[in-house]
Asks: 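This is the structure I have questions about; it appears just below.
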Amino acid sequence: MTFHEAEAGLVEHYTALVRLAYLTLPPSLSRHRRVLTAHGLVQRALPGFQLRKSAPRVPAQRPGPARLGPERLGPAWVRERVLRAALAYERRPRRWPKSLPPPRALRPMLPVVWGLRLFPRAGGREEIALGQALSGLSADVRAAFVLSRADELPDAQVRALLEAAGAGRPDRSLRVARQLDAPAVAAAQTLLRSAEFNACSVQTRPTDLLRRRQRYRLAGAVAAVVAVGALVLTATGSAPDQRLAPPAVGQVTAAGLVRAPRTEWADTSRVDFTAWPPRGGRAEDRGLLDRALATWSRPPRGTRISPTPGTFTGPPPDGTQLLYAGEVDGAAVVLLHDGLRTVRYSEPLSPGGHATLDFARTDSSDVTTAAALVVSRTHGAARYLTAPWIAASATRDLLRPNAPARPVRISAEGITEPLPSPAPSGPCASWPALQLRSSARIVEQDTFLITDLGGLVPAHLTHTPLPGGAAPTRQPHEATGTIALTSWARTACHLAGLPEGVRAVDVWDFAGHPLPERAGRAVWSCVRADTWHGPGEVTVRFTAPGAAPRVVARERATAACSRFGPQVLASAAWRARSGHTYLLAAGSRAVAGIEVAGAVRASQKGRVLAVRAPAGVRAQVSARLAGGGTLAEVRRYAED
């Protein structure tokens, strides 16, 4: 194959190559910059493109038929070049600031477009869901996802391409890409070929016309009086005020916002954020709503943006819903929901401050997880906007399970009084939680707990009791009973170490048994935190009489202790008052026997095991299940 034939092949596969580069590039780039960069990477992948200028000085560096055979100039070779360049764009030299783009040596020469912004067509909820899933992945995994899902390449070829392009762990990247959990993955093959991800089928809109016109008017003054003109340019060189800029073509405006009927929540089977009616004293203020939407679409310089992990920060789609617009604690606040995300826009009422955008993923919410939003947070306290179906609210301290809950005042708009937030650091002396009760119009006397973990959406707290009690133990219950509150009193301080974006936390007391030497009864608890974007983490805690709960195992990105991982096994070392050390192990309901191998060997029928062992011994613990098969223990905590 000649170079001309290779170039013809690149043109034939140009759209697919640009799509690969566009989705592999960092999501932190604007859509306009990603479009231009993707085209630049593909165009510079032409055989010999980068070396033609240097050929007269270093002839041996020019690729030719002797160095690159016909098989090396095929589509796979060009794809490898594009992929290598796209992966290199995300790599930075050591200590290079993450807030800055890569050095010039890693950046391609872009196509130049003056006066226009280019971007693929805005898609629906499926595109947002897939964009959210891809935004939290590394470039290697994004590339593996595109190659396997969109290009439908065999796994062996994907691994070879990733390895040739410089990916560090191609097997892991492909495995993570195959296991990607997102609502749109089932239709990924069709979605990735749609116009939403086609960087060769773009829309255009002008850059800020107001700023451009101002610059034209200043051109004459600059030519006449250079010094004065320079000062004027300096003064106007910052980003324009979004309050003056007209909405961009195709941008969602206040007139296009969806407004749910005021009583829809009581007459629908879908009780979530989509049933929230618009509330607030400025819900009809189109100027404020247009500024919020414009800032969401094109954040001006100085805007503080805070997304929870795995949350897509792209522009608002059609069908965006208004939840609230009003003034709270010296700021104008707007809450919006697009079916997958909830966004809080806040601008100070006094001049001189910057707007703030907070993004949270809230798809598949329900009565409890859509019960409240943090509308304002100041001086260690938070105000919540409660759902329209909340009939009563109170606050309680999780560390004091016997103390009664205190009623909370709520305004006519549904906003609570300022409530203390858990301290992010320092001693854990208290842990405030909000106790809410749903209206009898949708559910009979349903009371539940939520707590502020620092994000826009509070986390829902539940409890799964020990087996053998009066309550069923196969699913979580609301953490409002005496046993649940007592269990949470041992666990609440653990919440401080959870990541952002947690949707719900369940404390599952999966085993309890007498300790050796008549030392009382121990309880094993699995604390599972589920995030809105899918992966969860578990922590196993061991509590002995008279001692503080101790973390004995921890594992991230696991299905353990959930309905998809209903069995659990854990072990811990325990020292009796006599000074003897024991290796203890306990399993959940289906465990029929426990075995220990390694430095200590033991076997015991049933769900618990206790065996004398030297201090600091390391052993492998496994379980036999009643229905057949084996179960490995949750990964031990490193400091145990």
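Just so you know, these numbers use all the heavy atoms, side chains as well, and skip hydrogens, waters and symmetry mates.
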Asks: Would you say L335 and V343 make side-chain contact, with heavy atoms under 4.5 Å?
Replies: no
Asks: Could you tell me whether the side chain of W431 and the main chain of A496 form a donor-acceptor pair under 3.5 Å?
Replies: no
Asks: Output the distance between atom CZ (R406) and atom OG1 (T395), rounded to the nearest 0.5 Å.
Replies: 6.0 Å
Asks: Hey, are the side chains of L485 and R396 touching, using non-hydrogen atoms and a 4.5 Å cut-off?
Replies: yes
Asks: Would you say that D318 contacts V252 through its side chain, given a criterion of any heavy-atom pair below 4.5 Å between the two side chains?
Replies: yes
Asks: Can you measure from CG (D338) to CZ (F312) and round to the nearest 0.5 angstrom?
Replies: 10.0 Å
Asks: Return yes if some donor-acceptor pair links the side-chain N/O of E413 with the main-chain N/O of G281 below 3.5 Å, else return no.
Replies: yes
Asks: Within a strict 4.5 Å, meaning less than it, do heavy atoms of the P277 and P261 side chains meet?
Replies: no
Asks: Is it true that D272 and T274 share a donor-acceptor pair across their side chains at a distance under 3.5 Å?
Replies: yes
Asks: Would you say the side-chain atoms of T268 pair up with the backbone N or O of W265, donor to acceptor, closer than 3.5 Å?
Replies: no
Asks: Taking atom CZ of R304 as the centre, does the number of heavy atoms from other residues, nucleotides or ligands within less than 6.0 Å exceed 12?
Replies: yes
Asks: Between R142 and L25, is there a donor-acceptor pair closer than 3.5 Å when you use the side chain of the first and the backbone of the second?
Replies: yes
Asks: Under 3.5 Å, side chain of E537 to main-chain N/O of A529, donor-acceptor pair present?
Replies: no
Asks: Taking T24 for its side chain and A21 for its backbone only, find out whether a donor-acceptor pair lies under 3.5 Å.
Replies: no
Asks: Check whether T416 reaches the backbone of Y384 with its side chain - one donor and one acceptor, N or O, closer than 3.5 Å.
Replies: yes
Asks: Answer yes or no: does atom CZ of R286 have more than 12 heavy-atom neighbours from other residues, nucleotides or ligands under 6.0 Å?
Replies: no
Asks: Evaluate the criterion side chain to side chain contact (heavy atoms under 4.5 Å, CB included) for residue pair T313 and W296; output intermediate values, then yes/no.
Replies: CA-CA 8 Å; T313 59; W296 181 358; over 6 Å; no
Asks: Distance from E478 atom CD to H463 atom NE2, nearest 0.5 Å?
Replies: 12.5 Å
Asks: Quick check: closest heavy atoms across T378 and S376, and the distance to 0.1 Å?
Replies: CG2-OG, 4.0 Å
Asks: Taking all non-hydrogen atoms of both residues, which atom of P309 and which atom of E500 are closest, and how far apart?
Replies: CD-CB, 3.8 Å
Asks: Please report the interatomic distance NE2(H337) to CD(Q321), rounded to the nearest 0.5 Å.
Replies: 6.0 Å
Asks: Please give me the minimum heavy-atom distance between P458 and L373, naming the atom from each residue.
Replies: CD-CA, 4.3 Å
Asks: Are any side-chain N or O atoms of T451 and backbone N or O atoms of P432, one a donor and one an acceptor, separated by less than 3.5 Å?
Replies: yes
Asks: Tell me, do L434 and L449 make a side-chain contact under 4.5 Å, heavy atoms counted?
Replies: no
Asks: Is the backbone N or O of T308 less than 3.5 Å from a side-chain atom of T311, with the two atoms forming a donor-acceptor pair by type?
Replies: yes
Asks: Can you tell me if CZ on R259 sees more than 12 non-hydrogen neighbours from other groups inside 6.0 Å?
Replies: yes
Asks: Side chain of T295, backbone of R291: donor and acceptor closer than 3.5 Å?
Replies: yes
Asks: Tell me whether the NZ or CZ atom of R34 lies within the 45° cone about the ring axis of Y22 and under 6.0 Å from its centre.
Replies: yes
Asks: Whether the T253 and D290 side chains hold a donor-acceptor pair (N or O, under 3.5 Å, no angle test) is what I'd like checked.
Replies: no
Asks: Could you check whether H354 and E347, counting side-chain N and O atoms only, form a donor-acceptor pair closer than 3.5 Å?
Replies: no
Asks: Roughly how far, to the nearest 0.5 Å, is CG of L257 from CG of L293?
Replies: 5.0 Å
Asks: Tell me the closest heavy-atom pair linking S346 and A331, and the distance in Å.
Replies: OG-CB, 3.5 Å
Asks: Only one of R377, R383, H379 clears side chain to side chain donor-acceptor pair (under 3.5 Å) with D329; which?
Replies: R383
Asks: Quick one, F448 and H460 - any side-chain contact, counting heavy atoms below 4.5 Å?
Replies: yes
Asks: Do V375 and I415 touch side chain to side chain, with heavy atoms closer than 4.5 Å?
Replies: yes
Asks: Does R341 count as lying over the ring of W532, i.e. NZ or CZ under 6.0 Å from the six-ring centre, within 45 degrees of the axis?
Replies: no
Asks: L498 and V505: side chain to side chain contact (heavy atoms under 4.5 Å, CB included), yes or no, with the steps?
Replies: CA-CA 10 Å; L498 294 181; V505 186; 3.8 Å; yes
Asks: Where do C561 and D506 land on the side chain to side chain contact (heavy atoms under 4.5 Å, CB included) test, with the steps shown first?
Replies: CA-CA 9 Å; C561 306; D506 179 57; over 6 Å; no
Asks: List the atom of Y324, the atom of G280, and the distance in Å for their closest heavy-atom pair.
Replies: CE1-CA, 3.5 Å
Asks: Heavy-atom distance under 4.5 Å between the side chains of V334 and R282, does that happen here?
Replies: no
Asks: Rounded to the nearest 0.5 Å, what's the gap from CG on L385 to CG on L323? Could you check?
Replies: 8.0 Å
Asks: Tell me yes or no: between the side chains of D530 and S562, is some donor less than 3.5 Å from an acceptor?
Replies: no
Asks: Do you know which two heavy atoms are closest between V457 and A372, and how far apart they sit?
Replies: CG1-O, 4.4 Å
Asks: Show your working on side chain to side chain contact (heavy atoms under 4.5 Å, CB included) between S411 and E417 and close with a plain yes or no.
Replies: CA-CA 8 Å; S411 70; E417 61 181 295; over 6 Å; no
